[in-house]
Amino acid sequence: CTEHPFGHLIDTLQSEQYEERRYFNPQKLSDVRYEKLPFCMRVLLESTIRKCDGFYIKTDDVSSILDWQKQQNQAEIAFSPARVLLQDFTGIPAMVDLAAMRDALAKQGVDPNLVNPRCPTDLIVDHSLQIDYSKCHGATVRSPACRPSPRGSSSSGSHCAGQRPGHRGGCTKASCSDAPSGRSAAVQIENTPLLCPFHLQPVSEPDTMIRNQEMELIRNKERLQFFKWCSKTFKNINVVPPDINTVHQLNLEYLCQVVQEGEGFIYPDSVVGTDSHTTMINGLGILGWGVGGIESEAVMLGQPVSLTLPQVVGCKLVGTINPLATSIDTVLGITKHLRQAGIGGKFVEFFGPGVQQLSAPDRTTIANMCPEYNATVSFFPVDDITLQHFKHTSTDHTLVVLEDYLKSIKLFRSYGDQSEEPQYSEVIEMNLSSIVPHVSGPKRPQDRVAVTCMKEDFINCLNEKVNIKLKKIFLPTWASTYPKRSRQLRSRSCTRGPIAPITCLVHLTCMSVICSGLLAKKAVEAGLMVKPYIRTSLVPGSGTVTHYLNTSGVLPYLRKLGFEVVGYGCATCVGNTAPLPESVVEAIKQGDLVACGVLSGNRHLEGRLCDCIRANYLASPPLVMAYAIAGTVSINLETEPLGVNSEGKDVYLRDIWPSKEEVNHTEENIVIASMFKELRSRMEKGSTFWNSLESAESALFPWDPKSTYIRCPSFFSKLVKVCTPQSIEGAYPLLFLGDKVTTDHISPAGSIARVSAAAKYLQSKRLTPREFNSYGARRGNDAVMTRGTFASIKLQNRLIGKTGPKTLHIPSGQMLDVFEAAERYQRDGVPLIILAGKEYGSGSSRDWAAKGPYLLGVRAVIAESFEKIHRNHLVGMGIAPLQFLPGQNADSLELCGKERFTINIPQELIPRQQLIVQTSTGKSFSVMALFENDMDVAFFRHGGILKYVARSLLP
């Protein structure tokens with residue numbers, strides 16, 4: 001430490017309650033600017049001081065952060081986070097790349113064991129769960145797309161095979177066809193026959209969660225074997241097996257420490273993760289944000305994150321929260337306020353008296369919504385409420401160290417002391433009393449609609465040309481099963497929704513879940529039930545959620561309404577909803593109907609739930625339940641009844657809505673330390689399946705040429721020590737796209753369509769459609785993912801003038817699959833570019849949204865603007881993100897998309913340099929190369945981060 005540039009800042013934390021700890025104390029700088037820094041900047045400063053090595057991180061970085069008020073948006077610094085967080089969809093390509101890097105370096109005579117994560121890394125397998133079995137109208141039914149039960153139980157056989165009368169979950173053809181139109185068999189829960197509303201093969205017992213987990217393990221065995229090999233072979237990585245927890249919930253409940261300890265020092269916890277919602281952790285005072293999968297690999301291998309010192313917006317919360325507003329209402333209200341404030345790319349830090357009204361789950365949910373209001377970070381400094389939360393997850397001994405350390409370096413927030421107020425780039429104020437219940441939709445999460453205006457707004461959306469056109473707004477699902485009711489639905493012509501999932505992820509704070517459970521209890525007691533044509537599911541974030549639902553006594557009532565726990569994972573949020581029955585899909589298509597989904601997840605982009613679900617709303621869990629009971633979104637929940645009780649009396653939402661006091665009382669009695677201890681024990685033990693899973697013992701992974709899940713990618717082909725960037729000459733546009741092209745359009749994560757290029761490849765490997773699995777599950781196979789690039793049915797390509805995964809092969813004039821066209825161009829040695837509009841690459845963070853275009857031969861993307869993380873992905877793969885100059889776009893430049901483009905890239909490329917683009921028609925225009933710093937330029941020069949890191953290990 002005597003050689004450390006800041007060794008003189010080392011201090012000692014001493015107490016009779018714990019052993020002595022050493023730490024770097026920024027206060028010993030004796031610089032008055034430190035206490036004026038926002039708290040999130042203080043975390044950056046501590047890390048920069050501690051990790052300063054004079055090479056990656058320099059003393060100038062420390063000076064720049066101290067001078068943040070003048071250096072914001074100007075100085076570039078390097079930041080080394082304490083750890084990396086991966087989920088399996090983005091984690092598997094990262095680990096496959098590291099395995100491939102071992103192969104490439106071994107061929108160059110380098111010891112493959114040198115390739116290991118240098119930064120502690122956690123990989124959580126949570127994105128593989130699909131809903132094959134779900135609860136609908138009280139019966140457990142199997143999706144038509146799922147494979148037969150591995151146990152050979154009663155789930156196999158012909159559809160609607162009759163079962164023993166009185167057996168729960170039973171279904172007979174007679175019972176399906178003879179059901180009275182006004183009777184719901186699901187009301188009678190115990191020991192009564194339950195109807196099969198989808199007229200599909202039922203499961204004989206209510207074990208949807210177990211069966212979904214079994215399907216997950218069987219479907220993904222090959223991937224899990226690879227993860228098991230990674231856990232045994234790579235050092236410094238922890239793999240959490242499936243069916244334990246979601247990545248974000250696990251990060252909150254198990255991995256986060258607030259204060260880490262290692263290499264002889266204690267220091268603030270910080271994290272970067274391969275998901276845009278890694279920001280959730282900032283709600284607990286832990287600095288973290290989402291990065292590209294490619295960037296995360298660089299951090300894993302010891303490279304710091306490069307960033308320009310951000311502006312920090314102080315968000316002052318005042319006023320009192322409306323007692324009828326749920327946590328989700330509060331979150332969405334703050335989200336809208338921040339989005340309107342225009343804080344894109346900035347850090348946000350919360351302060352003011354209103355912060356103390358927010359529980360730790362509320363804060364983490366607000367922090368989670370960063371991508372929706374385009375902030376990089378939403379930081380809540382550690383305070384007394386944070387410490388109270390950690391009493392459920394930590395020991396008293398740890399809490400004392402945590403509190404003493406944070407206070408010693410001025411990272412503990414006391415809202416009563418005005419002298420502690422930092423200086424911010426700007427301050428925006430929000431009055432919490434202005435928040436009223438809302439939902440978001442029908443297409444974008446930022447389009448919020450007051451619940452009282454929902455009915456009117458939806459009808460208006462249906463009539464707007466830019467939204468959804470409709471003939472009739474209902475779903476005639478039950479024509480064969482409930483003929484009388486079907487006729488009633490047809491005559492009423494009202495909005496019906498086939499899907500109403502309460503999904504895991506990050507909007508389900510404890511209070512919202514409990515509120516929905518208490519609402520379910522009151523609804524059942526009032527004689528209300530979910531309408532029989534609604535598909536329901538409950539996917540908790542972890543077993544902890546199920547634990548407190550069960551201990552609070554509300555889980556049986558949720559089950560009675562059809563919200564059965566189907567498993568743990570992201571499921572609906574990432575498009576893993578089981579397909580609707582083919583008869584239902586056919587009815588929607590033939591009638592040109594608008595089917596609606598209401599969900600409590602964090603994404604509801606068009607087509608994600610299901611191709612035939614065109615309108616989707618995000619809502620709090622209790623509102624999801626309310627709309628499921630109502631059976632329509634065309635209802636004013638304030639003035640219209642949800643239904644009628646057994647006495648024929650109208651029941652309104654206000655009659656069954658739990659009070660804030662009821663919710664708070666229930667939360668206080670169930671959120672106890674024991675459930676977290678149980679979770680820790682379950683995680684440490686793992687699962688029987690995982691523990692017994694066999695995997696290779698070699699330093700190099702034994703690639704199976706027959707595998708359709710794991711395949712060695714070609715990123716490291718022709719790896720040489722030195723390379724220089726080349727100009728792009730005579731490139732054709734592969735695609736000509738408009739505004740708001742999301743990563744869902746570029747790299748779908750849901751099911752693999754039977755007519756897609758990826759499907760053709762899998763069929764050539766003798767797989768049936770039932771064995772396709774999802775794109776997310778096959779991210780370890782570059783052949784599948786490359787063919788899946790731009791495979792979205794919602795892709796609007798101006799070269800062909802219609803939606804779909806097709807493009808024009810310009811030389812021949814043929815319309816082909818995007819992959820087939822790219823394959824032809826590559827065979828002819830023709831480079832490719834993409835033309836796009838505003839917000840290219842928005843949505844979830846996906847590295848394959850850059851890896852796929854790279855393998856298709858795309859060298860540059862010219863767009864009006866880029867989503868920040870996706871821009872980083874493009875740079876990380878060696879694809880140039882080029883931005884039209886202000887006031888210019890493809891239309892103003894009169895580009896038709898069929899020209900050939902030449903882009904001159906100088907040898908001495910610098911950040912944000914203007915480049916000249918010339919077309920085959922004689923036009924010339926300038927674009928801005930969005931390389932933000934010297935590290936971006938270095939990555940681009942080497943053809944991406946992976947090759948940059950690999951070359952650094954060559955002799």
Side-chain angles (χ1 to χ4, degrees), residues 1 4 6 9-15 17-26 39-53 57 78-86 117-124 235-238 240 247-248 250-273 278-289 291 296 299-300 302 304-305 360 364 367 377 379-382 386-387 389-391 393-412 676 680 683-684:
C1 291
H4 194 286
F6 293 98
L9 301 184
I10 296 175
D11 209 341
T12 302
L13 198 66
Q14 295 178 328
S15 173
Q17 297 178 271
Y18 50 79
E19 294 181 0
E20 181 180 288
R21 260 80 166 187
R22 294 197 307 165
Y23 65 100
F24 284 87
N25 190 350
F39 282 72
C40 55
M41 288 295 101
R42 299 180 196 183
V43 176
L44 280 180
L45 179 64
E46 188 284 334
S47 174
T48 306
I49 289 173
R50 178 170 38 86
K51 287 289 188 177
C52 185
D53 60 2
I57 300 178
F79 169 59
S80 290
R83 54 192 175 91
V84 176
L85 184 69
L86 307 174
R118 297 179 184 175
C119 181
T121 301
D122 296 286
L123 192 158
I124 291 83
K235 299 177 181 178
N236 218 15
I237 188 165
N238 171 46
V240 178
V247 59
H248 304 300
L250 180 61
N251 197 19
L252 292 174
E253 297 173 3
Y254 185 76
L255 299 175
C256 72
Q257 301 294 321
V258 180
V259 174
Q260 293 275 7
E261 188 166 1
E263 298 180 348
F265 294 91
I266 56 174
Y267 48 91
D269 192 8
S270 58
V271 60
V272 293
T278 303
T279 53
M280 190 178 192
I281 201 66
N282 291 278
L284 297 180
I286 298 170
L287 187 63
W289 62 86
V291 297
S296 68
V299 176
M300 290 164 61
V305 175
T364 56
V377 159
F379 193 75
F380 288 85
V382 175
T386 315
L387 290 182
H389 170 77
F390 277 104
K391 286 184 179 180
T393 62
S394 305
T395 64
D396 292 339
H397 167 80
T398 304
L399 285 176
V400 173
V401 175
L402 185 154
E403 185 174 358
D404 288 352
Y405 170 64
L406 293 181
K407 287 182 176 179
S408 70
I409 61 172
K410 294 287 186 179
L411 277 178
F412 189 86
F676 290 101
R680 287 175 179 270
M683 288 181 56
E684 290 167 2

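Quick note: residue numbers are just sequence positions, from 1. Quick note: numbers below take in every heavy atom, side chains included, and nothing from hydrogens, waters or symmetry partners.
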Item to complete: Compare every heavy atom of Val43 with every heavy atom of Pro268, then report the nearest pair and how far apart it is.
Response: CB-CG1, 4.2 Å
Worksheet entry | Close side-chain approach of Pro81 and Val299, heavy atoms under 4.5 Å | yes
Item to complete: Please round to the nearest 0.5 Å and tell me the distance separating atom CG of Leu255 and atom NE2 of His248.
Response: 12.0 Å
Fill in: Min side-chain heavy-atom separation Asn251-Arg83 under 4.5 Å
yes
Worksheet item: Between Val240 and Asp122, does a side-chain contact (heavy atoms from CB on, under 4.5 Å) hold up when you go through it step by step?
Response: CA-CA 7 Å; Val240 178; Asp122 296 286; 5.7 Å; no
Worksheet entry | Sole residue of Ile409, Leu411, Leu287 in side-chain contact (heavy atoms from CB on, under 4.5 Å) with Arg42 | Leu411
Worksheet item: To the nearest 0.5 Å, how far apart are CZ in Phe265 and CG in Asp11?
Response: 11.0 Å
Worksheet item: Is the side chain of Asp53 donor-acceptor paired with the backbone N or O of Ile57 at a distance under 3.5 Å, no angle test?
Response: yes
Item to complete: With rounding to the nearest 0.5 Å, note down the distance linking CG in Leu387 to CG in Leu284.
Response: 11.0 Å
Discussion item. Is there a ring-ring contact (aromatic ring centres under 6.0 Å, His included) between Phe379 and Phe39? Walk through the geometry before answering.
Written reply: CA-CA 8 Å; Phe379 193 75; Phe39 282 72; 7.6 Å; no
Worksheet item: Between atom CD1 of Ile49 and atom CZ of Phe24, what is the distance when rounded to the nearest 0.5 Å?
Response: 8.5 Å
Worksheet item: Is a donor on one side and an acceptor on the other found under 3.5 Å between the side chain of Asp269 and the backbone of Gln257?
Response: yes
Worksheet item: Could you go step by step and tell me if Leu44 and Phe79 meet the side-chain contact (heavy atoms from CB on, under 4.5 Å) rule?
Response: CA-CA 7 Å; Leu44 280 180; Phe79 169 59; 3.5 Å; yes
Discussion item. Using 0.5 Å steps for rounding, measure from the CD atom of Glu46 to the NZ atom of Lys51.
Written reply: 10.0 Å
Discussion item. As an exercise, state the distance from CZ of Arg50 to CD1 of Ile10, rounded to the nearest 0.5 Å.
Written reply: 11.5 Å
Fill in: Side-chain donor/acceptor of Ser80 to backbone N/O of Ala78, under 3.5 Å
no
Worksheet item: Under 3.5 Å, side chain of Ser296 to main-chain N/O of Gly273, donor-acceptor pair present?
Response: no
Practice prompt. Locate the shortest heavy-atom distance separating Pro26 from Leu45; write the atom from each residue and the value.
Written response: CB-CD2, 4.3 Å
Fill in: Glu20 CD: over 12 foreign heavy atoms closer than 6.0 Å
yes
Worksheet item: So which of Thr364, Ile281, Leu85, Leu250 actually passes side-chain contact (heavy atoms from CB on, under 4.5 Å) with Cys256?
Response: Ile281
Response to the item:
Nearest heavy-atom contact between Ala82 and Ser270 is N-OG, 2.9 Å
Worksheet entry | Contact check, side chains of Asp404 and Arg21, non-hydrogen atoms, under 4.5 Å | no
Discussion item. Below 30° counts as parallel, above 60° as perpendicular, anything between as tilted: where do the rings of Tyr23 and Tyr405 land?
Written reply: perpendicular
Worksheet item: How far apart are the C-alpha atoms of Val271 and Gln260, what are their side-chain angles, what is the distance that settles it, and do they pass the side-chain contact (heavy atoms from CB on, under 4.5 Å) test?
Response: CA-CA 11 Å; Val271 60; Gln260 293 275 7; over 6 Å; no
Worksheet item: side-chain contact (heavy atoms from CB on, under 4.5 Å) between Val382 and Phe390: does it pass, once the steps are laid out?
Response: CA-CA 11 Å; Val382 175; Phe390 277 104; over 6 Å; no
